[in-house]
Amino acid sequence: MFKLGLSIFLIIGSVLYLTGCGGDSGESSTDLPEIIAPELPAWIDSGFLGNSILMVSENPDSGYQELLKYDDNSAVSSITPAMVVGGKIARIEISPDRKKIAYLADQLTDNRYELFVSNTDGTFNRRVSDAISRGHITDFEWSADSSSIIYQHQLSESSTDTANYYLTKFDEDKTQQITYIDNNGFGFKVESAHFVNVGLQYGMVVSFNSQKRLIVADTETSVEVRNIIATGVTTDGDWSLDGQYYAYITEILDDEQINTLDTFSGNNNLIHKAGSVGLQWSPLTNELAFFDFINLFVYDAVLEVKTTVSDFGGISPSSLSLKQFWDETGEYLILSASPRFEKTDLVVANTDGSGTLLLSNVLAVDEDISLHAVSSDARVAAVTESGKLYLANLDGSAIEDFSSVKIADGRIREIAWTADEKSLVTQYSASLSSQAVSRVETASRKVSEISGNNDIKCFLVANSSKSNCRLFFDTR
């Protein structure tokens with residue numbers, strides 16, 4: 001049974017409920033109807049995805065999309081069941097433990113997107129979201145330990161203002177509704193919900209007319225642990241790893257500034273002001289990096305400056321952008337350089353506090369770099385506009401020229417390392433109307449076409465940099 005404490009909002013014809021204990025609000029608790037999920041057998045994992053490559057393919061014979069798996073033995077199999085005619089996958093993501101796949105698709109009902117989860121070999125495929133009669137499941141997020149998933153149900157066909165969030169726990173085979181919105185919202189909106197603190201909690205941005213609040217709740221009990229007024233916060237902010245801070249960008253008189261809201265103390269602090277800024281928390285620590293087109297900063301866990309980089313090796317800071325930011329190890333910051341009259345390249349700086357620029361113009365090739373992917377052992381694979389491939393160590397110790405290796409017949413659109421980081425996967429335009437996928441083994445330089453005659457919409461690998469695809473909702 002859910003308990004409601006702090007957050008009861010009531011306007012004629014519309015109610016928003018948020019589960020929680022309410023802290024010191026002094027308001028009374030209210031029982032909400034318990035969500036009864038269908039009884040399901042305990043989840044049985046089938047093992048890790050390994051180095052297999054997943055591909056969302058348009059099947060011209062069946063009239064629906066399917067998820068194909070290309071394994072280490074070069075065998076191709078379909079791991080999604082048959083869908084209704086016209087069925088499409090709108091989003092797909094591999095779980096952090098690489099054992100499950102979650103995806104949004106109108107698999108059972110044409111033009112009604114629901115959330116499905118299966119093992120990476122296709123076993124235990126099931127609809128996680130209850131059958132819905134209106135709207136769509138529009139978004140979801142895995143917890144860091146892969147034990148839970150949060151998903152969003154948009155109630156209205158035409159508006160994003162009326163959406164509820166649900167929490168599924170796979171070890172308990174139970175789904176709980178964690179927000180309640182009826183009718184049209186009338187000023188109420190749950191702006192976002194994300195796992196924080198390694199999935200032990202989830203944080204939400206909630207708005208009621210002009211007021212916003214940040215709410216942090218316990219994942220295990222759905223009990224609210226923090227609820228504070230969040231004046232001025234924006235919904236495109238980023239939570240710190242432990243869920244204590246919410247960093248966001250505001251615009252005042254055409255100037256953008258970075259603020260951090262401490263959800264323990266309620267303090268809302270301006271930590272930086274500049275003309276243009278970008279920000280991102282480290283994936284591994286409570287460190288915040290941001291770039292204001294003048295300097296690159298890293299703030300430590302107590303939001304004091306740890307690193308400042310202002311010399312970018314002769315490249316104007318105004319030409320830098322943050323296509324990638326932290327690398328997989330949390331040791332490097334990577335920026336893409338796009339000078340107006342020079343070639344696009346990569347700029348790499350460390351995060352150890354010294355403010356050292358490691359590399360500027362990483363590859364030193366006379367072509368624009370269009371794509372890059374970084375491995376966990378600090379190697380960067382980069383593709384030029386003409387389709388040539390280069391490998392380099394982020395510390396500048398070695399550069400391998402793969403430019404003589406033909407890896408695609410058309411423009412390369414995506415690149416990623418496989419899980420063992422011994423091969424690269426590329427997606428490219430096979431024709432004006434279809435996409436194909438190939439694999440490049442970096443030791444042997446062997447290139448394998450793996451998509452056959454299928455039109456590939458996206459590919460995934462068990463590597464956090466390419467473990468998800470966002471396609472589109474076909475609302476025919």
Side-chain angles (χ1 to χ4, degrees), residues 47-59 65-80 89 92-94 98-99 101 103 120-122 324 327-328 363 369-393 398-431 434-469 471:
F48 297 98
L49 180 62
N51 292 314
S52 297
I53 301 166
L54 302 178
M55 300 173 287
V56 177
S57 169
E58 191 77 39
N59 189 325
Q65 288 181 349
E66 59 184 339
L67 183 63
L68 300 177
K69 179 181 178 181
Y70 183 89
D71 64 23
D72 290 340
N73 298 318
S74 301
V76 179
S77 59
S78 177
I79 62 174
T80 47
I89 296 173
I92 183 168
E93 184 167 347
I94 301 168
R98 304 175 182 181
K99 292 183 178 181
I101 303 165
Y103 61 96
T120 56
D121 63 355
Q324 189 163 336
D327 78 313
E328 294 289 307
L363 300 178
I369 294 176
S370 58
L371 297 166
H372 70 274
V374 181
S375 67
S376 61
D377 60 354
R379 289 178 298 153
V380 59
V383 176
T384 66
E385 285 290 346
S386 66
K388 296 177 181 178
L389 173 65
Y390 295 86
L391 297 184
N393 292 337
I399 296 177
E400 295 183 65
D401 184 351
F402 280 65
S403 59
S404 62
V405 179
K406 184 176 178 58
I407 57 177
D409 291 324
R411 180 185 176 188
I412 299 174
R413 298 181 177 273
E414 294 277 0
I415 184 171
W417 292 95
T418 54
D420 63 2
E421 298 182 338
K422 294 181 179 180
S423 299
L424 289 160
V425 184
T426 63
Q427 181 179 348
Y428 60 93
S429 302
S431 66
S434 68
Q435 301 282 311
V437 172
S438 64
R439 182 171 66 184
V440 183
E441 298 175 15
T442 57
S444 66
R445 302 198 174 196
K446 177 183 177 182
V447 179
S448 304
E449 165 75 37
I450 63 177
S451 56
N453 296 321
N454 295 286
D455 180 15
I456 304 301
K457 300 303 181 183
C458 76
F459 75 89
L460 304 89
V461 290
N463 184 317
S464 60
S465 63
K466 193 64 178 71
S467 61
N468 68 82
C469 289
L471 299 171

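Because only heavy atoms are used, hydrogens play no part in the values below, and waters and symmetry mates are left out as well, while side chains stay in. Quantities reported herein were computed from a predicted structural model and do not represent experimental measurements. Starting from 1, each residue takes its place in the sequence as its number.
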Legend entry - Heavy-atom side-chain contact between R445 and E400 under 4.5 Å: yes

Inset, instruction - State, with a plain yes or no, whether a side-chain heavy atom of I53 is found less than 4.5 Å away from one of R439. - result: yes

Inset, instruction - Please step through side chain to side chain contact (heavy atoms under 4.5 Å, CB included) for the pair Y390 and V380, ending with a clear verdict. - result: CA-CA 8 Å; Y390 295 86; V380 59; over 6 Å; no

Inset, instruction - State the OG-CE distance between S78 and M55, to the nearest 0.5 angstrom. - result: 10.5 Å

Legend entry - Closest non-hydrogen atom pair between G50 and A419, with its separation: O-CB, 3.4 Å

Legend entry - N/O donor-acceptor pair under 3.5 Å between T442 side chain and K422 backbone: yes

Inset, instruction - Determine yes or no for a side-chain-to-main-chain donor-acceptor pair under 3.5 angstrom, with Q427 supplying the side chain and Q435 the backbone. - result: no

Inset, instruction - To the nearest 0.5 Å, tell me how far D420 CG sits from S375 OG. - result: 11.0 Å

Inset, instruction - Taking Q65 for its side chain and I89 for its backbone only, find out whether a donor-acceptor pair lies under 3.5 Å. - result: yes

Legend entry - Minimum side-chain heavy-atom gap C458-E414 below 4.5 Å: no

Legend entry - Gap between atom CD1 of I92 and atom CG of L471 - 0.5 Å precision: 8.5 Å

Legend entry - Heavy-atom pair of closest approach, residues A416 and V461: CB-CG2, 4.2 Å

Legend entry - Nearest heavy atoms of F459 and K466, plus distance in Å: O-NZ, 2.6 Å

Inset, instruction - Find out whether I79 and L68 are in side-chain contact, i.e. whether some heavy atom of one side chain is under 4.5 Å from a heavy atom of the other. - result: no

Inset, instruction - Verify, without hydrogens or angle tests, whether S467 (side chain) and A462 (backbone) share a donor-acceptor contact under 3.5 angstrom. - result: no

Legend entry - Distance (rounded to the nearest 0.5 Å) between S429 OG and I412 CD1: 10.0 Å

Legend entry - F48 side chain reached by T120 side chain, heavy atoms, under 4.5 Å: no

Legend entry - Any side-chain heavy-atom pair of I415 and V425 under 4.5 Å: no

Inset, instruction - Drop me the distance from I101's CD1 to D121's CG, to the nearest 0.5 angstrom. - result: 8.5 Å

Inset, instruction - For W417 and A373, indicate whether the former's side chain and the latter's backbone hold a donor-acceptor pair under 3.5 Å. - result: yes

Inset, instruction - Could you tell me whether R379 and D377 make a salt bridge, using a distance below 4.0 angstrom between a side-chain N and a carboxylate O? - result: yes

Legend entry - Cationic N near anionic O, under 4.0 Å, D455 to K457: yes

Inset, instruction - Tell me, with the steps shown, if L391 and L424 meet side chain to side chain contact (heavy atoms under 4.5 Å, CB included). - result: CA-CA 11 Å; L391 297 184; L424 289 160; 3.9 Å; yes

Inset, instruction - Could you check E66 against S57 for side-chain hydrogen bond (donor to acceptor under 3.5 Å, both in side chains), going step by step and ending with a plain yes or no? - result: CA-CA 5 Å; E66 59 184 339; S57 169; 4.8 Å; no

Inset, instruction - Run the numbers on K69 and L49 for side chain to side chain contact (heavy atoms under 4.5 Å, CB included), then give the verdict. - result: CA-CA 10 Å; K69 179 181 178 181; L49 180 62; 4.1 Å; yes

Inset, instruction - Side-chain contact test, heavy atoms from C-beta onward, threshold under 4.5 Å: evaluate it for V447 versus V405 and give yes or no. - result: yes

Legend entry - Side chains of N468 and I94 in contact at under 4.5 Å (non-hydrogen atoms): no

Legend entry - Any donor-acceptor N/O pair, S448 side chain to I450 backbone, under 3.5 Å: no

Legend entry - Nearest atoms (heavy-atom pairs only) where I399 meets A392: CG1-CB, 3.9 Å

Legend entry - Where S438 and Y428 come nearest, the two heavy atoms and their spacing: OG-CE2, 3.8 Å

Inset, instruction - Quick one: pull up CG in L389 and CG in D401 and give me the separation to the nearest 0.5 Å. - result: 9.0 Å

Inset, instruction - Give the minimum heavy-atom separation between T418 and N463, together with the two atoms involved. - result: O-ND2, 3.7 Å

